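Please read through the structure below; I'll follow up with questions.
Every heavy atom of this structure was used, including side-chain atoms; hydrogens, water molecules and symmetry mates were not. These numbers come from a predicted model, not from an experiment.
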Amino acid sequence: QFFARGTLKDEVMKIPPMQKMTSAEQCNRFACYVLFGDQNNHIGLGAKCAKEMATTFRGGIITSKMLLSPVRRGYWSSRTGLPHTVLMKVHGKWGSVRVRLLLPP
């Protein structure tokens, strides 16, 4: 599937520092959670953990691009115009991160 140029966008959601205690010393790492999509019908969530920030960003973006999947849209109160909202409750999980899309109130 092809996307028009300039429609795909990525956003870094969170960058928590992580520490692991080894027998020799403390090991510091960074985790990165990235959301990627075209703001129309496709979304991808990627995560990456690495020692350097740049590697973490690149890995998170690449992972979210590989996990790009379509989101079905529907109507909420009236069937006028194009489908405009999430059709039903949708949830996904990748590692320890959970994403839940809900219907509007």
If a pair satisfies side chain to side chain donor-acceptor pair (under 3.5 Å) and one of its residues is in residues 12-30, list it, with sequence neighbours excluded.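 Residue pairs with at least one partner in residues 12-30: Gln19-Gln26, Gln19-Asn28.
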
Sequence neighbours left out, cut at 3.5 Å: what donor-acceptor pairs do the side chains of residues 46-64 make with other protein atoms?
{"residue": "Thr56", "atom": "OG1", "partner": "Glu52", "partner atom": "O", "Å": "2.7"}
{"residue": "Thr63", "atom": "OG1", "partner": "Gly59", "partner atom": "O", "Å": "2.7"}
{"residue": "Ser64", "atom": "OG", "partner": "Gly60", "partner atom": "O", "Å": "3.2"}
{"residue": "Ser64", "atom": "OG", "partner": "Ile61", "partner atom": "O", "Å": "2.9"}

In chain order, what residues pass the side chain to side chain contact (heavy atoms under 4.5 Å, CB included) check against Arg100, with sequence neighbours excluded?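 Here the qualifying residues are Lys89, His91, Leu102.
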
Distance-only check: which donor-acceptor pairs under 3.5 Å involve side-chain atoms of residues 30-39, not counting sequence neighbours?
{"residue": "Asp38", "atom": "OD1", "partner": "Asn40", "partner atom": "N", "Å": "3.1"}
{"residue": "Asp38", "atom": "OD1", "partner": "Asn41", "partner atom": "N", "Å": "3.2"}
{"residue": "Asp38", "atom": "OD1", "partner": "His42", "partner atom": "N", "Å": "3.1"}
{"residue": "Asp38", "atom": "OD2", "partner": "His42", "partner atom": "ND1", "Å": "3.2"}

Determine whether more than 12 heavy atoms belonging to other residues, nucleotides or ligands lie under 6.0 Å from atom CE of Met18.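 Atom CE in Met18 is not crowded, with 12 or fewer foreign heavy atoms closer than 6.0 Å.
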
